[in-house]
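Reviewing the structure listed below.
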2 protein chains.
Amino acid sequence: MIPMDFVRTDSSAEVPPFEQVRRQLADAIESGRLKPRDQLPTVRKLAADLGLAANTVARAYRELELVGVIETRGRHGSFVAGSLSPHKAAGARLAADVVQRMRDLGMGDAEMLAILRDAVESHSRNPHPTPRRS
Amino acid sequence: MIPMDFVRTDSSAEVPPFEQVRRQLADAIESGRLKPRDQLPTVRKLAADLGLAANTVARAYRELELVGVIETRGRHGSFVAGSLSPHKAAGARLAADVVQRMRDLGMGDAEMLAILRDAVESHSRNPHPTPRRS
DNA sequence: CCTAACGATACAATCATTGATACAATGATT
DNA sequence: AATCATTGTATCAATGATTGTATCGTTAGG
C-alpha cells in the first residue's frame, strides 16, 4: 500500500477537507506521484490517518471516480485509473513471459501460482539463493 | 509417524490457519527438521491435533504438493518429497528467475505477487495455447 | 434560518476461509 | 473376488471480514 504522506488537511482552510483530499490526490496523479494501477488506501484507513470520518474521504474518492481518475473495484479497493506505467508494464511483460513458459511446461494455473508465490517468499528470505542468471 | 509438535496455529493471528500450517511445514522441511521420505500425519489426524477441520490441513498439503515439496501417495499418505521433479524444478527456476528480475526493477513482494497473479489470470482468459483436451 | 459539510452508524456487495459431508481411489482383509 | 477401511479431494453452505456507499442527525457559516 502506497503511503499517502503527501495528503494533508487543514481544518481552518478555505476549502473543505473533502475537497482538499480530492485535489491533492488529483494533483498527485496528474504529476505522476501516483501511477496508474497504484492502489489507494481504503477510505477508512486514509480517514483514520487524517483524523477524518470515512465519509469525507469517500466523497473525495467518489468525485474522483466520477471523473474517471480513479477506479473502485468493489471489495478490492480503489485504484488509479489509466494504462500501466512503463515500470509496471515491464514487470507485466516479464510476468506474462514466465507464465507463458510455465504453461508450455503443461502447468495449470494453481500450480503456477503456488510455485510463483513460493519463489517470491523464499527469495525474500535469503537475497540470492539462485543468482545464476547468465 | 513423526510428531508434528512444532506445528501450532493461532486463530487470532494475521494469516489464516491453513497458511500457518503450510508455512510451518515448509519451514520445517527447508530447515531439515523434516527430511525427505518422512511421513506426514494424515490430514484428519493433524487436523484433530490442531482442532481444525480436515479440509484446512488438506489445503496446506495441497499447496505444498503443487510446489513439489511434499508428495501424496494415495492410500499411503503424504510424504516429504526428495528432490523436485524435473518438471517442478524447471518451473521453480523460471519462477526464481522472474522474481529476481522483477526485484531488479525495484518491485516489492506484494507488487510482484499482484502482477504475477494478474498475469496468470489474464493469460488463462485469452485464447492462447489452450490445453488440448480432446 | 438555511445551506453545506461533517461524523457516526447502518447497509449491500463481495470475497476468503472454514467445516461438514460426500466422494474417488486404492490398498488391506476376509 | 468381495468387502472394508483409510487416504486425499471435491463440493457447498455458513461465517466473518472488509470494501465503498447511503442515510441521518449535528454543526458551523452566511
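Basis for what follows: all heavy atoms, side chains included, without hydrogens, waters or symmetry-related copies.
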- Item | His87(A) side chain to Gly106(B) backbone, donor-acceptor under 3.5 Å | no
- Pair Arg101(A) + Asp97(A), salt bridge at N-O below 4.0 Å: yes
- Residue list, salt bridge (Lys or Arg N to Asp or Glu O under 4.0 Å) with Arg8(A), at least two apart or on another chain: none
- Message: Which residues pass the side chain to side chain contact (heavy atoms under 4.5 Å, CB included) test with Val69(B), not counting sequence neighbours?
- Response: Ile29(B), Leu64(B), Val67(B)
- Message: Heavy atoms within less than 4.0 Å of DNA chain D: which residues of residues 73-85 of chain B have one? Give them sorted by number.
- Response: Gly74(B), Arg75(B), Gly77(B), Ser78(B)
The criterion is side-chain hydrogen bond (donor to acceptor under 3.5 Å, both in side chains); which residues satisfy it with [X], sequence neighbours excluded?
X         : result
Glu111(A) : Lys88(B)
Asp27(A)  : none
Arg33(A)  : Asp5(A)
Glu19(B)  : Arg22(B), Arg23(B)

- Query: Which pairs, with at least one residue in residues 67-80 of chain B and sequence neighbours excluded, count as a side-chain hydrogen bond (donor to acceptor under 3.5 Å, both in side chains)?
  - Reply: none
- Query: Could you give all pairs that pass the side-chain hydrogen bond (donor to acceptor under 3.5 Å, both in side chains) test and reach residues 42-61 of chain A, with sequence neighbours left out?
  - Reply: Lys45(A)-Asp49(A), Arg59(A)-Glu63(A)
- Message: Please determine whether side chain to side chain contact (heavy atoms under 4.5 Å, CB included) holds for the pair Val80(A) and Arg37(A), giving the CA-CA distance in whole Å, both sets of side-chain angles, and the decisive distance to 0.1 Å.
- Response: CA-CA 5 Å; Val80(A) 177; Arg37(A) 295 290 187 109; over 6 Å; no
- Using a 3.5 Å limit on both pairing distances, list the dot-bracket string of DNA chain C from the 5' end; Watson-Crick and G-U wobble pairs count, crossing pairs take [ ], interstrand pairs take |. ||||||||||||||||||||||||||||||
Distance in angstrom units between [X] [atom1] and [N] [atom2], rounded:
X        : N       : atom1 : atom2 : answer
Glu71(A) : dT19(D) : CD    : P     : 18 Å
Gln39(A) : dT18(D) : CD    : C1'   : 12 Å
Ile70(A) : dT19(D) : CD1   : P     : 14 Å

- Note on the structure: The first and last nucleotides of DNA chain C lying within contact of chain A, meaning any atom under 4.0 Å from one of its heavy atoms, run from dA5(C) to dC15(C)
- Task: Would you mind building the protein contact string for nucleotides 21-30 of chain D? One character per nucleotide, 5' to 3', B for base within reach (heavy atoms under 4.0 Å), S for sugar-phosphate only, - for untouched.
- Result: BBB-------
- Message: Could you measure the distance from the CG atom of Leu84(A) to the CG atom of Asp38(A)? Nearest 0.5 Å is fine.
- Response: 10.0 Å
- Query: Please walk me through it: do Leu113(A) and Leu116(B) pass side chain to side chain contact (heavy atoms under 4.5 Å, CB included)?
  - Reply: CA-CA 8 Å; Leu113(A) 266 178; Leu116(B) 288 169; 5.6 Å; no
